[in-house]
Structure formats: structure tokens, C-alpha cells
Asker: 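Below you will find the structure I want to go over with you.
Side chains included, hydrogens not; waters and symmetry mates left out as well; all remaining heavy atoms used.
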Amino acid sequence: MKQKAVALKYDPEKGSAPIVSAKGEGHTAQNIIKIAELNDIPIQKDEDLVEILSKVELDKEVPPEMYKAIAEVFSFIYKMTKK
């Protein structure tokens, strides 16, 4: 099974929900993760969530039915960064 990754971007001034800013598998997934690591962006490993988010089109907001899962991601990030 190839490695998959999805990157989210959230700007409350531009939208009400996070958007999928990058996604891919294999080499592309490795690049997404490498860029996150180089920029000290927290990474949460959740294969089920990645699978669901990978179905969202690039530059589209995460649909409301995914908000609970995304809230868990932001809670994880807050705990790691206190931001």
C-alpha cells in the first residue's frame, strides 16, 4: 500500500472551514511530509482520515460532515504547539 498524505490550510479570514491544499500518494506524499517537517508544521498520522480527506478536491473546503474529524486534528495541533 502506497503512503498517502493530505495537507490542510485554514485561514478564518478567508473561509469558514479548512481547505485541502495538497494531497498525493507515494513520492508526492513523501514530499508533502518532507515540506511539513522542514517548516515545523505538525503532522498527525491517521490513515483513515487521510483516506477520507483525499476524496476532497484540491483547494476545496472540507465538507461539514468532516468537521468533527478536523476538530480532532486542530486539537492535536494546539496541544503540540500551544497556538
Asker: For Ala29 and Ala5, work out which heavy atoms get closest and say how close.
Answerer: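 Looking at all heavy atoms of both residues, the closest pair is CB-N, 3.6 Å.
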Asker: How long is the span from the CG atom in Asp59 to the OG atom in Ser21, to the nearest 0.5 Å?
Answerer: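 Atom-to-atom, Asp59:CG and Ser21:OG are 7.5 Å apart.
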Asker: Taking all non-hydrogen atoms of both residues into account, name the closest pair between Ile32 and Ala7 and its distance.
Answerer: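 In this case the closest contact between Ile32 and Ala7 is CG2-CB, 4.2 Å.
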Asker: Work out which heavy atom in Glu57 is nearest to a heavy atom in Val20; give both atom names and the distance.
Answerer: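 Of all heavy-atom pairs spanning Glu57 and Val20, the closest is O-CB, 4.0 Å.
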Asker: Would a 4.5 Å heavy-atom cut-off, applied to side chains only, mark Met66 and Val56 as touching?
Answerer: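 In short, these two side chains touch, coming nearer than 4.5 Å.
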Asker: Taking all atoms of both residues into account, what is the closest heavy-atom pair of Tyr67 and Ala17, and its distance?
Answerer: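 Shortest heavy-atom contact: OH-CB, 3.5 Å.
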Asker: Lys2 side chain to Gly26 main-chain N or O, any donor-acceptor pair under 3.5 Å?
Answerer: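 Judged by distance alone, no pair lies under 3.5 Å.
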Asker: Rounded to the nearest 0.5 Å, what separation is found between the NZ atom of Lys34 and the NE2 atom of His27?
Answerer: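 One finds 8.0 Å between NZ of Lys34 and NE2 of His27.
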Asker: Under the 3.5 angstrom rule, does the side chain of Ser54 hit a backbone N or O of Val50 as a donor-acceptor pair?
Answerer: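 Present.
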Asker: Hydrophobic clustering (ILVMFWY, side-chain heavy atoms < 4.5 Å, transitive) - are Val6 and Ile19 grouped together?
Answerer: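 No; tracing contacts between hydrophobic side chains, which count when under 4.5 Å, never links both residues.
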Asker: Is the shortest side-chain heavy-atom distance between Lys23 and Leu53 below 4.5 Å?
Answerer: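 Answer no - side chains too far apart.
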Asker: Treat each ILVMFWY residue as a node, draw an edge where side-chain heavy atoms are under 4.5 Å apart, and state whether Ile41 and Leu58 are in one component.
Answerer: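 No, Ile41 does not connect to Leu58 through the hydrophobic network.
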Asker: Within a strict 4.5 Å, meaning less than it, do heavy atoms of the Gln3 and Ile33 side chains meet?
Answerer: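 The answer is yes, as the side chains (C-beta and beyond) meet within the 4.5 Å cut-off.
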Asker: Pro18 and Ile70: which non-hydrogen atoms are nearest, and at how many Å?
Answerer: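 Looks like CG-CG2, 3.6 Å.
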